[in-house]
Structure formats: structure tokens, C-alpha cells
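It should be emphasised that the depicted structure is a prediction, and the values quoted were computed from it without experimental measurement.
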Amino acid sequence: MDDIFVARVMSSPVHTVSPDTLVEDAAEKMLNAEIGSVVVVDDGQLVGILTNTDFVQIVAERKPKDRTPVSAYMSDTAVTTTAQVPITQVAESMIEHGIHHVPVVDEDDGAVIGIVTTTDLTSYVSDLRAVSA
């Protein structure tokens, strides 16, 4: 699998929000799209990610959801990848950092072009096994 690259398994287009999007609106977007995360961008540049795991904290803290911006809960995006990285490297990084979503950025300008999730990797492996069976 070292010759299979991120571009082949990533989800695109990416669902994005701005840092000042209200968490209620982000949650509605995630539910409607049936996705587990939204990528937070500011002027086209990646600034964070808000995942379904973050909503556990939001609910636990019981803050008013209609006035709380995404920036209050998003995780920084210290872990990103590019489209030409082998998926094994991304999978190892996900395990190492205990994360389930890795934004894919353009090598030249850093713009978000996709996202790799544990679901994407699982789906790819499942399809691969079905073909070889």
C-alpha cells in the first residue's frame, strides 16, 4: 500500500466553515451532510477542524450553542497531509496522534483540497479486499 496515495482515498469537496460560524450552524451542516467533521478556514487557509468528538465537550459544558463560535471548540490542525503522501503514512500519523480526520492541503498554497478520515481508509481497505477475494 506504499504506492497508494492520499489523493485516491480522500473525500472531496470538503465541507468548510469559518471560525466565527456558530457551533449550532456547524452541527446542522454536519448532520445534513452526514459527515463527522467540518474544516475551519479563514480566507481560504486552514485554521482548524471541528469534529463530532468536539461536540461531546460542547454538550458537556452546556454553553449556549446559538452564540458560541466554532473557534471556541475547534482543534488546531497540527496534522495535515498532501495528496501525494502514501496512505500508510497518513494511517500511522492518525494512530500516533489519536485522530480520525486529517485535512489534505495543496502543497503550493496550503489551500484545503480534501480530507482523509478513518472511514475513507476503512472503505478503501474493504474495497481492496472485496476485489482480491
The side chain to side chain donor-acceptor pair (under 3.5 Å) partners of T21 (sequence neighbours excluded) come to S18
Q. For the hydrophobic clusters of this structure (ILVMFWY residues joined by side-chain heavy atoms under 4.5 Å, transitively), does one cluster hold both V9 and I113?
A. yes
G114 and S12 have their tightest heavy-atom pair at CA-CB, 4.4 Å
Correct closest heavy-atom pair for P69 and P19 would be CB-O, 3.6 Å
Residue set satisfying side chain to side chain donor-acceptor pair (under 3.5 Å) with Q45, at least two apart, ordered chain then number -> none
Interatomic distance, CG@D76 vs CG@L46, rounded to 0.5 Å, equals 9.5 Å
| task | Identify whether M10 and V14 are in the same connected component of the hydrophobic contact network (ILVMFWY, side-chain heavy atoms under 4.5 Å). | result | no
Taken in chain and number order and not counting sequence neighbours, the residues that satisfy side chain to side chain contact (heavy atoms under 4.5 Å, CB included) with T53 are T51
Taking only distance into account, with no hydrogens and no angle test, what donor-acceptor pairs under 3.5 Å do side-chain atoms of residues 97-106 form with protein atoms, sequence neighbours excluded?
unit_1 : atom_1 : unit_2 : atom_2 : d
D106   : OD1    : D108   : N      : 2.7
D106   : OD1    : D109   : N      : 3.1

Residues joined to I95 in its hydrophobic cluster, side chain to side chain under 4.5 Å directly or through other members, sorted by chain and number, are none
Those residues at least two apart in sequence (or on a different chain) that pass side chain to side chain contact (heavy atoms under 4.5 Å, CB included) with Q84 are F5, A7, E107
To the nearest 0.5 Å, atom CG of L22 lies from atom OG of S71 at 10.0 Å
T82 meets the side chain to side chain donor-acceptor pair (under 3.5 Å) criterion, sequence neighbours left out, with none
Residue set satisfying side chain to side chain contact (heavy atoms under 4.5 Å, CB included) with E92, at least two apart, ordered chain then number -> none
From the list D120, T119, T117, side-chain hydrogen bond (donor to acceptor under 3.5 Å, both in side chains) partner of S11 resolves to D120
Distance-only check: which donor-acceptor pairs under 3.5 Å involve side-chain atoms of residues 26-43, not counting sequence neighbours?
unit_1 : atom_1 : unit_2 : atom_2 : d
K29    : NZ     : T16    : O      : 2.6
N32    : ND2    : E28    : O      : 3.3

Is there a path from I49 to Y73 through hydrophobic residues (I, L, V, M, F, W, Y) whose side chains come within less than 4.5 Å of each other? no
**Prompt:** When hydrophobic residues are tied together by side-chain contacts of less than 4.5 Å, even through go-betweens, does V79 share a cluster with I115?
**Reply:** no
With sequence neighbours left out, the residues meeting side chain to side chain contact (heavy atoms under 4.5 Å, CB included) with A91 are L121
